[in-house]
Amino acid sequence: MYEPKIIGFLCNWCSYRGADTAGMARMKYPPNVKIIRVPCSGRISPELVLRCFREGADGVMVLGCHIGDCHYANGNHRTAKRMAILRQLLEYNGIEAQRLCVDWVSAAEGEKFATLIASFTEQVRQLAPFVEIMQ
Amino acid sequence: MAEETRIGVYICHCGTNIAGVVDVGEVSRWAGELPNVILSRDYKFMCSSPGQELIAKDIKAQGLNRVVVASCSPHLHESTFRGACVSGGLNPYLFEMANIREQDSWVTTDKLEATKKAKALVAAAVYRVSYQKPLESLFVPMDPSVLVVGGGVAGVQAALEIANSRRHVYLVEREPSLGGHMAQLDKTFPTLDCSACILTPKMTDVGKHKHVTLFTWSEVESVSGYVGNFTVTIRKRARYIHEELCTGCGICWEKCPKKVLDDVFETGLGYRKAVYTPFPQAVPNIPVIDRPNCTYFIKGTCQACKKFCPTGAIKFDQQDELLTVKVGSIILATGYEVFDARRIPQYGYGRLANVFTSMEFERLTNAAGPTGGKVVLRDGVTTPKSVGIIHCVGSRDVNYNNYCSAICCMQSLKFAHLVQEKLGAQVYEFYIDIRTPAKAYDEFYQRVLKEGAQLIRGRVAEVTNEACLPGEDGKLIIQVEDTLIGKQRRIPVDMVILSVGLQARADAKEVAIKFGISCSVDEWFIEKHPKLDPVATMTDGVFVAGACQGPKDIPSSVAQGSAAAARVMSLIGQGEIEIEAATAVVDDGTCVGCKECIPTCPYQAISFIEYVRKAYINEALCKGCGTCVGACLSKSINLKHFTDDQLVAEMVGAMQTMKLFEAS
Amino acid sequence: MEYHNVLTTCPYCGTGCALHLQVLDHQLVGVLPAKNHPISQGGLCIKGWNAHAFVNHKDRLQTPLVRKGGKLVTATWDEALALIAEKLSALKAESGPDSIGVFASAKCTNEENYLIQKFARAVIGTNNVDHCARL
Amino acid sequence: MSERLTALRETIRQILPQVDGVIGLKTGPAGIVAPYLFKPGHPEMLDSLALWPKEPVPDTLKIIQKAYPNARLAIVCRGCEERGVVEMFKHAQVSLENLTLIGLQCVQEEALFCRCAKPYTVHARVTVGSPIAGVPDPLTEAFAAKSQAEKLAFWKEQFQHCIKCYGCRNICPQCFCNVCALEDEKWVETGRLPLPNPSLYHIIRAMHMTAKCVACRECEETCPAGIPLAIHFRLVARDVKEMFHYETGAVIEQKPPQLLTLEEGDYERSGLP
């Protein structure tokens with residue numbers, strides 16, 4: 001067992017606030033995910049996700065507003081499309097798609113956020129450290 | 001030569017909020033060794049005045065050109081610390097925040113792990129801040145006109161406040177008259193003053209105000225632009241009445257032969273004509289012709305109203321009009337809907353005649369209502385001798401709405417008082433908890449108790465007309481577990497009132513998208529901050545007031561109306577508006593003109609310059625979402641303050657720290 | 001409006017990959033590999049792919065430069081060659097022919113490389129000849 | 001083959017007088033084939049007209065149109081090249097105005113060589129040869145059947161040979177950026193050969209080719225290491241078709257899916273929560 005290193009990209013308006021909500025409610029979750037705030041999940045280019053893996057991240061989370069609730073109307077629609085393809089591509093390259101978590105967390109869903117962090121950390125822990133894959 | 005990067009790092013204790021879990025001294029010591037960090041301090045409360053002064057002083061004394069504060073969420077204090085940087089003479093965009101409270105000390109159990117995580121987050125911020133560039137904000141003039149959507153009490157209040165300070169208000173109301181739900185109510189709790197009596201003067205003030213343009217029977221069609229410069233298209237639906245010619249004399253609806261069940265204002269208890277104003281005090285006092293029910297529109301005959309109208313104001317050929325107005329800010333006060341009691345079949349609404357909803361009861365007891373204020377059963381004559389009032393119908397219920405509708409307790413107690421006062425009937429209230437927190441509310445509760453209402457604590461299981469015990473014949477029986485005595489009870493009554501909850505309007509989501517704001521899971525509009533910015537939204541220049549933001553009573557709605565007006569006035573007072581500096585820019589040296597970005601922009605801020613065949617972003621329209629950045633394959637678009645370099649540096653900072661801990 | 005391809009050999013190493021220089025209106029605009037060429041069979045390495053890049057590059061020297069008073073100034077070929085001859089002769093007279101080495105480029109053709117070794121051995125009189133890409 | 005060549009020559013001969021030039025292939029010195037712009041007034045050049053090996057002619061079209069935006073041109077294109085032209089049009093790189101597509105239908109052996117699913121044109125109104133059905137792509141199928149570990153091992157072996165010549169990118173008509181993300185140290189590590197595996201270079205390129213790759217297989221053909229690069233692109237193309245109902249080059253008016261908001265069902269098919 002090892003401690004997975006995870007980077008989480010959170011949109012400023014829903015998911016980051018969801019994380020704040022979890023914090024305000026003092027919900028406990030594992031410390032493995034380091035959060036990077038972006039204005040919208042649509043800002044996250046696939047290259048950014050891949051660069052995380054290159055730096056040795058064992059998992060990457062991309063969290064945005066729920067479909068239909070995007071602060072920028074439909075920025076997360078592109079996220080949905082890009083990330084769906086990126087997950088497939090990871091598979092085609094022998095990287096488990098489970099290493100890339102794409103989900104939607106609203107500002108109110110502190111509990112969902114905390115649960116998601118915990119379950120994703122566990123999910124990644126079940127896989128080999130990424131450095132062992134990337135040589 | 002490039003200027004040397006000099007970073008100051010400040011670790012906030014936040015009392016014990018952070019310091020109780022994270023070893024702030026250790027984080028501060030460790031941050032001091034990060035590249036380019038000139039000084040690193042920890043301090044009890046960074047957001048306090050001395051904390052802010054510390055930053056300003058260090059910037060000047062130590063020549064800091066970058067500042068990192070590790071404390072709470074940037075949503076709380078980013079602007080505070082940016083302000084501190086500015087007072088120290090530093091561009092606010094050379095500041096970065098690490099969230100070690102909401103994302104660390106409050107959520108991490110293991111102190112050692114929390115300290116490690118704090119280090120990683122601080123390192124990420126330190127790495128990032130080196131890449132940050134000073135940004136200058138764009139200023140655009142603020143249009144002093146205001147759009148208020150919704151003519152209920154919150155909207156009316158907001159419109160009045162703004163108009164009284166001589167700024168122009170466009171007030172749009174979907175129904176034929178202002179008034180909203182409040183116009184339907186009889187008495188208002190806890191003072192029991194007549195709703196119409198206190199609302200009507202406000203409505204008339206707005207109606208005749210020289211700084212208000214009223215659009216009733218109208219809806220907002222579309223909104224474009226941004227704070228300070230919105231362009232709003234309003235659909236003014238055809239009333240088939242010439243508004244300037246109409247004097248509101250009422251001859252048309254007297255002469256109209258077509259009676260229509262009024263299921264909006266009179267909740268289906270009364271009738272109106274096919275040409276009507278919803279109630280006598282309507283503002284404007286101009287009727288509308290109900291096209292689907294008007295004989296002329298159905299059969300082409302009748303025209304009674306037209307024949308008798310003394311001013312010739314009836315215009316059957318009127319068309320919907322699309323009007324465009326320019327405003328600088330918008331207040332949404334679109335109100336609520338009541339919960340549909342039919343959704344709870346076991347309460348019998350719609351099936352058992354004498355089960356009423358709270359809104360129906362308001363009309364029954366209202367002197368201007370269909371029964372002239374006589375509280376009678378559905379047969380129209382019988383006076384009930386006993387009345388059961390059920391609280392929380394559709395509220396605080398996992399099957400329907402999880403939240404408390406805030407008004408039902410007081411409303412139900414008010415009903416108890418009115419029933420006893422008017423009929424002397426026995427009243428039973430069925431409640432889960434009694435919530436009477438505002439001024440003079442609990443006193444009212446005590447008063448109703450003294451008046452003899454029986455309060456039974458328990459969620460009602462069923463309302464039925466199937467008698468099985470003596471004394472139940474011909475009655476409605478309320479089956480409930482009285483949780484205070486721990487027994488099942490059957491209470492026979494003549495009339496049941498369901499205190500139905502409030503819920504977001506069916507089209508709330510649609511409206512939210514139109515105005516670029518967001519909705520909660522329950523579809524209430526989301527405010528910018530639940531405590532500190534309750535009437536602003538995430539979209540600059542768009543504010544919310546009243547029950548569209550969540551269940552609210554009249555005092556709170558009025559307060560929010562005023563609050564939203566105050567926020568708008570403060571914007572107008574600034575004269576010009578600072579536009580988000582973190583916008584996207586196209587590097588026209590590398591743009592290949594593939595147009596991939598153009599349709600991705602939710603704000604139509606990107607255009608294609610044909611003669612150079614390159615994309616161009618209008619910074620005033622850009623909201624800085626960065627979706628175009630994610631779409632640009634040649635990486636020719638960059639989002640200021642969220643550049644690839646900055647995000648990569650932030651990530652590398654976090655990763656390297658994590659790897660360091662892993663190795664050790 | 002005229003577009004055609006000129007078949008040539010990549011100048012960078014001894015493999016002898018064939019490549020097409022794309023010519024639009026007498027301007028070199030790009031490189032294409034030669035698919036049915038027996039040696040390179042449609043492939044090129046990164047050097048070959050960029051073989052055209054220097055031709056119209058703004059930094060490419062168009063005339064010889066001679067340092068005068070610490071500054072490089074443009075000169076004619078005659079002037080430059082005369083200066084080189086003068087300096088080489090002086091060096092040879094002063095320190096002998098083995099004080100001079102000749103270093104040839106992979107960008108030169110076989111014929112040019114033959115000539116330069118001839119120059120080193122016959123004109124200067126040294127065996128100090130080498131080449132940067134002895135594949 | 002020669003019948004097709006004669007027919008194509010005749011077709012071009014007829015079109016030539018109506019246009020400023022026809023882009024096709026020409027046999028040069030030593031029988032080496034390259035793209036060429038046939039001009040009216042020089043029909044004799046058609047004697048050296050060639051069919052095979054195919055070349056990335058959409059790129060040639062782009063080069064000429066950038067310099068002569070108003071020229072009336074015709075282009076001899078196979079199915080893949082036609083799709084390439086259509087996709088480049090969608091990205092504002094070529095114009096379909098004043099352009100005549102001369103469709104050249106591939107024959108069985110060419111289709112087998114390219115493992116091509118659509119060896120025929122669909123938009124060209126002038127065509128030469130008769131369209132044949134697509135052939136399966138055994139390489140891609142075999143890959144798709146592999147397990148996670150086998151996929152990883154497969155690419156590890158393949159990418160060991162990559163010399164990072166950027167040829168796959170250079171030759172690709174759909175790679176038209178002025179500045180390439182693959183040359184940015186932020187995204188692709190520099191100075192490292194063999195490439196680390198999984199190769200971010202190739203994942204990023206495949207990502208960029210989403211809904212753009214027209215399956216022309218030029219990248220595979222130019223790869224000095226013989227890496228079967230098309231596998232990536234073809235699998236992604238299949239996903240794009242399933243998730244977003246988009247096929248490159250099929251419908252000129254259809255916008256590429258990355259640009260569009262989600263349409264009904266898109267989201268469900270994307271497999272995201």
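Convention: sequence-line order gives letters A, B, ...; per-chain numbering from 1. Heavy atoms only: backbone and side chains are in, while hydrogens, waters and symmetry mates are out.
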Checking [X] against chain A: side chain, backbone, both or neither under 4.5 Å from a heavy atom?
X        : result
D:His202 : neither
D:Lys146 : neither
D:Phe154 : neither
D:Met243 : side chain

Quiz item: What residue in A:Arg82, A:Glu47, A:Arg51, A:Gln88 has the most heavy-atom pairs under 4.5 Å with chain D?
Solution: A:Glu47
Quiz item: With a 4.0 Å cut-off, would you call D:Lys151 and A:Glu96 a salt bridge?
Solution: no
Exercise. Could you grab the distance from atom CD of D:Gln148 to atom CD1 of A:Ile133, nearest 0.5 Å is fine?
Key: 7.5 Å
Quiz item: How long is the span from the CD1 atom in D:Ile203 to the CG atom in A:Leu86, to the nearest 0.5 Å?
Solution: 8.0 Å
Quiz item: Does A:Gln126 CD have over 12 foreign heavy atoms under 6.0 Å away?
Solution: yes
Exercise. Decide if atom NZ of D:Lys241 counts as having more than 12 heavy atoms of other residues, nucleotides or ligands within a radius under 6.0 Å.
Key: no
Exercise. Output yes when a side-chain donor or acceptor of D:Trp187 lies under 3.5 Å from a complementary backbone atom of A:Leu50, and no otherwise.
Key: no
Self-check item: Heavy-atom side-chain proximity of A:Tyr92 to D:Ile231 below 4.5 angstrom
Solution: no
Quiz prompt | 4.5 Å side-chain heavy-atom contact, A:Ile85 and D:Phe244 | solution = yes
Exercise. Count the heavy-atom pairs under 4.5 Å between each of D:Val240, D:Asp184, D:Val236 and chain A, then report the option with the highest count.
Key: D:Val236
Quiz item: Using non-hydrogen atoms only, which part of A:Ile67 is less than 4.5 Å away from chain D: side chain, backbone, both, or neither?
Solution: side chain
Exercise. Check A:Arg54 against D:Glu189 and note the closest heavy-atom contact, atom names and distance.
Key: NH1-N, 3.4 Å
Practice problem: Taking all non-hydrogen atoms of both residues into account, name the closest pair between D:Ala206 and A:Leu89 and its distance. | Solution: CB-CD2, 3.6 Å
